[in-house]
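Written out below as structure tokens is the structure these notes cover.
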Amino acid sequence: MSTSLFMRGLLALIMGGGFCWVLYRNKNEEDVFAPEGGGQRYLPVISGVILPVFVLGTAAVMLIVRPVGVEQSILSMFFSLFLHISVYYLILLALLPFLRRHFSAAACAALWLIPNYLYLTQQNYMELPAPALTLRLPMGTAGVLLAVWAAGAAAVMLFKIASHLRFRRQVLRAARAEEGPAVLAVWNAEIEAARFKKPKFRMVRSPAVSSPLSIGLFERTTRVVLPEREYSPEELALIFRHELVHIGRQDAWSKFFLAFCTAMCWFNPLMWLAMGKSADDLELSCDEAVLQNESDARRRQYADLLLTAAGDGRGFTTCLSPGAKAMRYRLKSVVKPAKKFTGGVLVGAVFFVLCMTSGYVTLAFDAGTGADVLFDGQDPAACTIASARNWKDDSRQELLCLDEQGFAGFLAALPLEQITGNYSFTDGPRETIIIWDTPRGTLSTVFYEKAVKVVPFYTEKMEATWYSVPGGMDWTRFEAFFEPQPALYLVFEDENGQRFADINASLWRLEQGGTVLEDRTGSPEDVSGIFGYEEARRVRLSFSLPVQEYSVTAEPESGAPFALAPSEDGLLPLADGPALYRVQAALEGSNGVYSAEFRFAVGDVD
């Protein structure tokens with residue numbers, strides 16, 4: 001498991017546990033027998049504004065900064081995030097009858113709201129190893145699709161906001177402050193019972209409503225509205241408690257979030273059905289809190305209120321009885337409540353699964369061939385390989401390219417698609433890093449099973465771009481251009497044969513067919529080695545290529561050089577005290593025999 005996947009799982013587990021705790025805490029706080037002097041009685045389970053702020057804020061920043069491929073990045077982010085939410089809501093919609101039978105209404109309402117925290121999966125530290133499904137689009141369509149998507153989402157969201165503001169103006173235009181002392185006494189008593197500290201919302205009456213409701217997103221602008229009719233003190237207590245539950249839980253913001261998700265998934269007709277069901281669960285959850293520990297008589301009284309108070313709940317309004325759609329189920333839950341599980345563990349577990357499955361579907365855009373993408377339009381023949389290595393191998397094996405021009409031609413014809421999203425692609429068995437010297441500067445390319453990461457170090461930002469390889473990399477052809485660079489691997493052992501250090505010897509000089517490929521004779525750099533290990537008694541030698549013959553010379557810090565003969569199993573006895581070792585070897589390569597000299601030191605050698 002990658003570190004990023006582990007971090008995602010750990011954070012999802014912590015967040016899921018937090019949701020579980022919040023549901024149980026809220027249930028205890030809402031208990032009418034809770035001790036006096038505690039905190040606010042009705043509290044939100046999940047904030048309804050986090051994901052909308054993240055999505056709109058990220059899109060705004062990206063459009064202002066305008067990095068390369070901004071349209072593709074925004075479209076991919078929206079697509080992955082809201083496709084996941086859409087699928088989740090459809091599954092939740094199918095399971096809703098079962099969940100409502102066995103779990104509390106508060107848990108069912110929370111299940112609609114937990115996608116608010118899916119913004120966490122868009123952070124870089126939450127990247128996935130690779131997408132499970134990649135949907136491919138032509139590069140030129142990203143801007144068009146993003147514009148269509150944004151236009152539809154903006155139209156739906158603006159309509160909902162305008163509807164809310166129009167309804168608010170209609171309701172409050174003729175509203176007046178309530179002055180009846182009996183009504184105000186019940187109002188103040190319920191506020192005190194709900195333990196609100198210095199509430200900023202107000203209570204008014206309006207002839208424009210037929211059902212009690214609360215309207216407003218912010219506490220300072222929120223108004224609890226009563227219709228122009230008389231209620232008994234017992235009825236007022238239930239009405240005010242209902243609206244205070246909505247205000248305390250910030251259900252108006254929950255409705256805003258659900259409207260935002262509907263707008264972002266406007267093209268999915270089933271999402272509109274799902275959003276209606278989610279609003280029903282908010283009301284069912286409120287009924288549950290209002291009637292906690294109440295008598296059958298009070299429940300019947302509350303049911304009568306629901307039947308006689310059908311009204312309008314447009315916009316982000318929370319209404320005592322917004323319509324007849326869910327009335328039958330609400331009445332049944334009110335009059336004959338069934339014993340149900342609190343559902344905290346369910347909500348925590350669902351969030352964990354939701355978080356861990358997010359992001360596995362992404363978009364890829366046709367980027368062109370390697371000549372356009374990897375070499376950025378530069379002539380591949382003018383680009384030379386500065387270094388190449390297999391990073392996945394335990395030895396992090398250096399490679400030699402047998403045909404640079406042929407390899408550059410192979411890459412130039414490679415079809416590539418630009419991937420967007422948080423993916424590392426590093427969990428596969430291969431990771432080959434090739435550094436190029438190009439006419440513009442240094443270029444890094446990292447090849448994985450199905451992807452390539454390109455970092456042009458000659459640009460100011462040096463940003464990495466990921467590309468997928470349709471069908472995966474042809475590793476048979478790829479590897480035919482390379483062979484392991486001559487290398488000598490060393491495993492040091494103590495007198496008991498215990499392994500305690502592994503290093504690579506320094507390649508000092510390399511020659512093939514009279515051509516010098518590496519020469520550090522005049523280099524001031526130190527050789528590799530181990531220092532201060534007096535217990536080193538022998539070393540096991542292992543070459544990266546088949547060896548024809550080799551010899552080893554030890555140069556002790558004091559005394560004359562002498563030859564060492566390794567044993568048949570490759571073990572080389574070490575000199576007593578610090579020494580420099582030279583290994584001359586003839587190694588068999590694909591294009592002929594390499595003549596190589598390696599060096600390593602044991603102890604502090606000048």
Side-chain angles (χ1 to χ4, degrees), residues 1-16 54 58 69 72-85 87-88 115 117-137 349-367 370 373-374 388-397 411 414-434 444-455 462-476 478-479:
M1 178 185 291
S2 68
T3 302
S4 298
L5 199 58
F6 173 78
M7 288 298 297
R8 172 182 284 222
L10 181 61
L11 188 57
L13 191 63
I14 293 172
M15 292 292 295
F54 169 80
T58 302
Q72 293 93 319
S73 298
I74 294 177
L75 181 62
S76 181
M77 178 186 73
F78 285 2
F79 174 82
S80 176
L81 192 58
F82 288 101
L83 174 67
H84 195 59
I85 291 176
V87 172
Y88 166 70
Y117 286 85
L118 277 183
Y119 80 96
L120 293 170
T121 64
Q122 302 295 312
Q123 311 304 310
N124 288 335
Y125 58 83
M126 296 279 276
E127 66 186 9
L128 295 169
L133 176 63
T134 301
L135 304 179
R136 295 172 173 83
L137 295 173
V350 169
F351 178 79
F352 178 83
V353 174
L354 184 66
C355 187
M356 294 303 292
T357 55
S358 176
Y360 279 97
V361 179
T362 191
L363 298 177
F365 301 90
D366 295 330
V373 176
L374 301 182
R389 67 177 62 180
N390 279 330
W391 197 256
K392 280 292 185 181
D393 294 345
D394 291 339
S395 60
R396 294 181 178 177
Q397 187 180 62
L411 293 182
L414 196 66
L416 295 172
E417 297 170 336
Q418 185 172 340
I419 284 280
T420 53
N422 295 328
Y423 305 102
S424 63
F425 294 98
T426 56
D427 277 2
R430 291 184 173 91
E431 183 178 351
T432 301
I433 303 174
I434 299 179
S444 169
T445 52
V446 188
F447 298 87
Y448 300 93
E449 285 290 300
K450 297 181 180 179
V452 183
K453 181 171 73 171
V454 180
V455 185
M462 296 185 294
E463 292 181 346
T465 306
W466 286 93
Y467 299 93
S468 68
V469 183
M473 185 69 67
D474 185 350
W475 283 101
T476 302
F478 187 102
E479 293 174 344

Test of understanding: with side-chain hydrogen bond (donor to acceptor under 3.5 Å, both in side chains), list the residues that count as partners of T134, not counting sequence neighbours.
none

Under the 3.5 angstrom rule, does the side chain of Y423 hit a backbone N or O of G359 as a donor-acceptor pair?
yes

Do the side chains of W475 and T432 get nearer than 4.5 Å, heavy atoms only?
yes

Roughly how far, to the nearest 0.5 Å, is CD1 of I14 from CZ of F352?
11.0 Å

Working to the nearest 0.5 angstrom, can you tell me the gap between T121 OG1 and L81 CG?
6.0 Å

Search all heavy atoms of A12 against all heavy atoms of F351 and return the closest pair with its distance.
O-CD2, 3.8 Å

Kindly give the heavy-atom pair with the smallest separation between P470 and R136, and that separation in Å.
CA-NH2, 4.2 Å

Any donor and acceptor pair, going by atom type alone, linking the side chain of S358 with main-chain N or O of L354 inside 3.5 Å?
no

Flag the pair K450 / V469 as yes when at least one side-chain heavy-atom distance between them is below 4.5 Å, and no otherwise.
no

Any chance you could measure Y88, atom OH, to L83, atom CG, to the nearest 0.5 Å?
15.0 Å

Search all heavy atoms of M473 against all heavy atoms of L414 and return the closest pair with its distance.
CE-CD2, 3.9 Å

For T357, what residues pass the side-chain hydrogen bond (donor to acceptor under 3.5 Å, both in side chains) criterion, not counting sequence neighbours?
H84

Would you call F79 and L135 a side-chain contact if the rule is heavy atoms closer than 4.5 Å?
yes

Y467 and L416 have their tightest heavy-atom pair at CB-CB, 4.1 Å

Testing the 3.5 Å rule here: is there a donor-acceptor pair between the side chains of S76 and T362?
yes

Heavy-atom check, side chain of T58 versus side chain of M77, under 4.5 Å
yes

Are Y448 and E431 linked by a side-chain donor-acceptor pair shorter than 3.5 Å?
yes

Once you measure the plane-to-plane angle for Y119 and Y117, does it fall in the parallel (<30°), tilted (30-60°) or perpendicular (>60°) bin?
tilted

If you measure from CG on L363 to CD on Q418, what distance do you get to the nearest 0.5 Å?
11.5 Å

Going from CD on E479 to CG on D474, what distance comes out if it is rounded to the nearest 0.5 angstrom?
9.5 Å

Within the structure provided, determine whether F365 and L75 are in side-chain contact (heavy-atom separation under 4.5 Å).
yes

Nearest 0.5 Å please: distance from the CG atom of L120 over to the CE atom of M7.
11.0 Å

Is there a donor-acceptor pair under 3.5 Å between the side chain of R430 and the backbone N or O of F447?
no

